[in-house]
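Down below is the structure, laid out as structure tokens.
Residue numbers begin at 1 in each chain, while the letters A, B, ... track the order of the sequences. Note that these values count all heavy atoms, side chains included, but never hydrogens, waters or copies made by symmetry.
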There are 2 protein chains.
Amino acid sequence: MSLRYAVLGLLARRPSTGYELTQTFDRSLRSSWHARHSQIYPELAKLEAAALVEVVGLGARRSKTYAVTAAGRAELRRWLVEVEPDRSQRSESGLRLFLTPLLDPDDRQATYERDLAHVELELAALGEVQAGMQNAPEPEAFAPQVELGIRMNTVLRDWLREQIKASAT
Amino acid sequence: MSLRYAVLGLLARRPSTGYELTQTFDRSLRSSWHARHSQIYPELAKLEAAALVEVVGLGARRSKTYAVTAAGRAELRRWLVEVEPDRSQRSESGLRLFLTPLLDPDDRQATYERDLAHVELELAALGEVQAGMQNAPEPEAFAPQVELGIRMNTVLRDWLREQIKASAT
DNA sequence: AACGCCATGTAAACTGTTACATGATTTC
DNA sequence: GAAATCATGTAACAGTTTACATGGCGTT
């Protein structure tokens, strides 16, 4: 059921085509939700049928720009404030981290180093998002969310460094 | 494909019945992976057919205790060390946090406070896990993983407090 | 006119949840 | 002996991924 609200929420940020949503899922939302175009296009059709979004423009290559309707905005708000959140998560990386103590020291250190390299790339990418946000086209209130991402990744980076140092002994 | 390795990994920690695995998924693994018994029992049957686990004991109420085989351990190691991790995540809470700036200040503050209450419960639960780990029955190398969970939740708690304070102005 | 990217859509296979179903053992 | 919990399984449905399919537009 979350996909519906993910799409609704992204469209509430700015009207977009299905193609643009697909890219936003890959870029901004990859750390919490993911969806392929094969899921997005049918969902847009369903949302349109429910009058929660509408086509506000046709562009090149028969692209359709969607925007949320008033009803869509109300439904998004209702979900965000009134529906009890599902707190369960699904993270293969989390599972791997949980199981890493089962490995012998060499393998363990190798996987921690692989993870560390990835976290550092992630932090660099988030730093760029943060730097590029001053000259954003629209007033962006999402700076704190980026900041949270940076803090989370920093904690993970430091923890990985500690584990690597500890297993080097 | 991760479910297979989640089950294999939990059995590598200690031999268990399907019922016990279900509980472990709910308790220790709820922050990164989740599975219901309806998924676990068929997976155990498949793992047994692939000779990665075996039944090592029959208990009361026709319960079966499974343990990983040597082949299972090798396969788990191969996955952890050699298979490129899928870094994508699935977290409804993350999605909600990402969309919260769309709400007006009152609603936003209310959702942050709901989240804060939940994070504080989570931290309390993790504190208990940490405290109860000294007198664990088996040598546990999972203390750092618990520590990481605590640090992550602490960062989130502090961030939520900041947002609440900021929106109170 | 060939290549690459933009853009949308559908079908089949796989994964995960909810609901149905049954029986054993312990506790009161 | 009734109720609660332990314990395992299957079936129907919902959600997700992978693969298939098609065509438009811009560049070289």
Verify the ring-centre separation between B:Y112 and B:W159: is it less than 6.0 angstrom?
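Distance test on ring centres: under 6.0 Å, yes.
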Which nucleotide sits closest to the side chain of B:Q39: C:dG16, D:dT17, D:dT8?
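Nearest to the side-chain atoms of B:Q39, counting from C-beta on, is C:dG16.
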Among the nucleotides C:dT8, C:dT18, D:dT8, which one has an atom lying closest to any side-chain atom of A:Y41?
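Nearest to the side chain of A:Y41 among the choices is C:dT8.
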Mind checking A:R90 for me? I need base, sugar-phosphate or nothing, with any heavy atom below 4.0 Å counting as a touch.
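Since only primed, P, OP1 and OP2 atoms lie under 4.0 Å of A:R90, the category is sugar-phosphate.
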Please give, in whole Å, the distance from [N] [atom2] to [X] [atom1]?
X     : N      : atom1 : atom2 : answer
A:E92 : D:dT17 : CD    : C1'   : 14 Å
A:E20 : C:dA7  : CD    : P     : 7 Å
B:Q23 : D:dC6  : CD    : P     : 7 Å
A:L21 : C:dC6  : CG    : P     : 15 Å
A:R36 : C:dT15 : CZ    : P     : 14 Å
A:Y19 : D:dC25 : OH    : P     : 15 Å
B:L44 : D:dT8  : CG    : P     : 9 Å
A:E43 : C:dT10 : CD    : P     : 13 Å

Determine, for A:E82 against A:R77, whether the closest basic-nitrogen to carboxylate-oxygen distance falls under 4.0 angstrom.
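Result for this pair is yes, salt bridge flagged.
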More than 12 heavy atoms from other groups under 6.0 Å of CD on B:E128
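Counting other residues, nucleotides and ligands, CD of B:E128 stays at 12 neighbours or fewer.
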For A:L3 and for B:H37, find the nucleotide of DNA chain D with the closest heavy atom, then tell me which residue's nucleotide is more 5'.
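Its nucleotide being nearer the 5' end, the pick is B:H37.
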First of A:M1 and A:S38 reached from the 5' end of DNA chain D, by closest nucleotide:
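Taking each residue's closest nucleotide, the earlier one in sequence belongs to A:M1.
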Using modelled atom types and a 3.5 Å cut-off, is there a donor and acceptor pairing between side-chain atoms of [X] and backbone atoms of [Y]?
X      : Y      : result
A:R73  : A:V68  : no
A:R108 : A:L103 : yes
B:T69  : B:L52  : yes

How close do B:A71 and B:A51 get, counting heavy atoms only, and between which atoms?
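The answer is CB-O, 4.0 Å.
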Quick check on contacts: within residues 54-64 of chain A, what sits under 4.0 Å from DNA chain C by heavy-atom distance?
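Within residues 54-64 of chain A, the residues near DNA chain C are A:R61, A:R62, A:S63, A:K64.
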With hydrogens left out and only the distance checked, is there a donor-acceptor pair under 3.5 Å joining B:H34's side chain and the base of C:dG16?
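There is none.
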